[in-house]
Amino acid sequence: MEIIIQPSAEAATSVAARIIAKLLRAKPAAVLGLATGSTPLLLYRGLIAMKLDWRKVTTFNLDEYVGLPPEHEQSYHSFMWENLFRHVNIAKKNVHIPDGMSRNIATFCTQYEAKIRSAGGIDLQVLGIGTDGHIGFNEPTSSLSSRTRLKTLTRQTHRDNARFFGSADKVPHHVITMGLGTILEAREIILLAFGAKKARAIAATVEGPLSAINPASVLQWHPQVKVCLDAAAAKKLKRADYYHWVYANKPDWQQY
Ligand code: GLP
């Protein structure tokens, strides 16, 4: 894992944006895995401002709430179109977001996995992290080799996400999410985390044991993960000095 600690969320985001821009320039038909939540908002704003060419890009989103139609203002469909897709020249047919209204969720999930495979797999997956260490909606005790499937939110995630819905009783209990095994197949992964409330989950992810109780720790298994943090999210890392040292001494050819 490469741990990149920056003074602010803006600075950490700009490292991630540069990596993604470089990929899209080198591979115009890249396949991106995308995340929702407040964390990647700055990233999407940055990518829009870079005016990249998205014509041939394909995207797969991590997750969606079950029971929310795409036009619902809190659906991840709405989120992605509002915050990224409608501002870039992506082809609608290349955008994939799990269908929360699917009548047969198991079949839908199998087909979603097949679509990722037939697109050639995900080149770069963007991730945020929940306060309980979830990525996508893979809650604690998710199988480390899980695939796209139906999950039930924990009470904590349900509470955490109530802020977007106005009240907790409006938050769906069920979601469709790519599995941890699905995420691990991406060729490259960027995990973003900002703010003190993510510090515990980040310390467990980077320096804790690999364990299903902290699902993001499965990223230790992946050969190409960059963890882009602001200072607050990095606060509980015991080896922060080392991560700063590594970043400050990167060879030129490895600079972002
Ligand atoms: C949701 C999403 C995750 C996201 C998490 C953190 O649960 N399914 O993909 O990482 O929220 O959200 P935020 O970035 O708003 O803290």
Side-chain angles (χ1 to χ4, degrees), residues 8-10 12-13 16-17 32-46 59-68 72-80 82-84 96-100 109 112 122 124-142 146 148-166 168 170-180 182-184 186 189-202 204-206 214-219 225-230 232-235:
S8 64
E10 287 75 12
T13 295
L32 296 180
L34 297 176
T36 52
S38 46
T39 305
L41 280 173
L42 277 174
L43 174 68
Y44 296 154
R45 229 172 280 156
T59 63
F60 287 91
N61 261 78
L62 284 166
D63 46 16
E64 178 59 288
Y65 291 106
V66 168
L68 294 193
H72 188 286
E73 60 168 4
Q74 289 308 326
S75 76
Y76 286 167
H77 277 77
S78 296
F79 177 98
M80 289 309 301
E82 190 51 39
N83 294 299
L84 178 62
H96 304 88
I97 303 173
D99 177 8
C109 292
Y112 200 68
I122 293 172
L124 189 151
Q125 175 69 55
V126 175
L127 296 174
I129 187 169
T131 55
D132 61 2
H134 73 243
I135 48 178
F137 268 131
N138 292 282
E139 296 286 28
T141 69
S142 284
S146 48
T148 303
R149 67 209 184 291
L150 180 78
K151 284 293 285 180
T152 304
L153 298 182
T154 59
R155 285 177 197 272
Q156 185 177 333
T157 304
H158 200 259
R159 253 195 321 267
D160 284 351
N161 289 3
R163 68 190 196 276
F164 299 112
F165 286 81
K170 296 199 179 117
V171 186
H173 286 275
H174 296 109
V175 293
I176 294 174
T177 182
M178 277 188 207
L180 296 173
T182 322
I183 292 169
L184 283 183
I189 296 176
I190 296 180
L191 171 65
L192 297 163
F194 312 134
K197 66 179 190 303
K198 301 292 172 71
R200 190 210 58 83
I202 285 298
T205 297
V206 174
N214 185 62
S217 65
V218 78
L219 298 176
V225 178
K226 293 172 184 68
V227 182
C228 298
L229 306 171
D230 69 356
K235 205 76 187 188

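Both ligands and their constituent atoms are indexed starting at 1 by order of listing.
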Assess the residue pair Tyr65 and Phe79 against the criterion (ring pair (Phe, Tyr, Trp, His ring centres under 6.0 Å)); give the C-alpha distance rounded to whole Å, side-chain angles, the decisive distance to 0.1 Å, and a yes or no. CA-CA 12 Å; Tyr65 291 106; Phe79 177 98; over 10 Å; no
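- In terms of protein heavy atoms, atom 2 (C) of ligand 1 is closest to Tyr76 OH, 3.7 Å.
- With rounding to the nearest 0.5 Å, the separation of CG in Asn83 from CG in Leu41 is 5.0 Å.
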Could you walk me through whether Glu73 and Ser78 satisfy the side chain to side chain donor-acceptor pair (under 3.5 Å) test, starting with their C-alpha distance in whole Å, then the side-chain angles of each, then the deciding distance to 0.1 Å, before giving a yes or no? CA-CA 6 Å; Glu73 60 168 4; Ser78 296; over 6 Å; no
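- When only interatomic distances are considered, the shortest N/O to N/O separation between Ile129 and ligand 1 falls below 3.5 Å.
- Of the N or O atoms in Lys198, one or more lie within a sub-3.5 Å distance of an N or O in ligand 1.
- Counting non-hydrogen atoms of neighbouring residues, nucleotides and ligands closer than 6.0 angstrom, the NZ atom of Lys226 exceeds 12 such neighbours.
- Between atom 3 (C) of ligand 1 and the options Gly37, Ser38, Gly136, Ala35, the minimum heavy-atom separation is to Gly136.
- Numbered from 1 in the order shown, with element, the atoms of ligand 1 that lie under 4.0 Å from a heavy atom of Asn161 read 1 (C), 7 (O).
- For ligand 1, none of its N or O atoms has an N or O atom of Gly130 under 3.5 Å away.
- At a heavy-atom distance under 4.0 Å, only side-chain atoms of Arg163, from C-beta outward, approach ligand 1.
- Between Thr13 and Glu10, the closest side-chain pair of non-hydrogen atoms is not below 4.5 Å.
- The shortest N or O to N or O distance between Thr39 and ligand 1 is below 3.5 Å.
- Looking at every heavy atom in both residues, Leu153 comes nearest to Val175 through CD2-CG1, 3.8 Å.
- Summarising the geometry, atom OG1 belonging to Thr148 is positioned 10.0 Å from atom CZ belonging to Phe60; distances are rounded to the nearest 0.5 Å.
- Considering backbone and side-chain N/O of Lys197, none are found under 3.5 Å from N/O of ligand 1.
- When hydrogens are left out, the protein atom nearest atom 4 (C) of ligand 1 is Thr36 O, 4.0 Å; that is the closest non-hydrogen contact.
- Looking at His174 and Lys151, their side chains never come closer than 4.5 Å, going by heavy atoms from C-beta outward.
- When hydrogens are left out, the protein atom nearest atom 5 (C) of ligand 1 is His134 NE2, 3.8 Å; that is the closest non-hydrogen contact.
- Every side-chain hydrogen bond (donor to acceptor under 3.5 Å, both in side chains) that Arg163 has, sequence neighbours left out, goes to Ser38.
- Of all protein heavy atoms, the one closest to atom 8 (N) of ligand 1 is Asp63 OD2, 2.8 Å.
- The ligand atoms of ligand 1 that sit less than 4.0 angstrom from a heavy atom of Gly128 are 10 (O).
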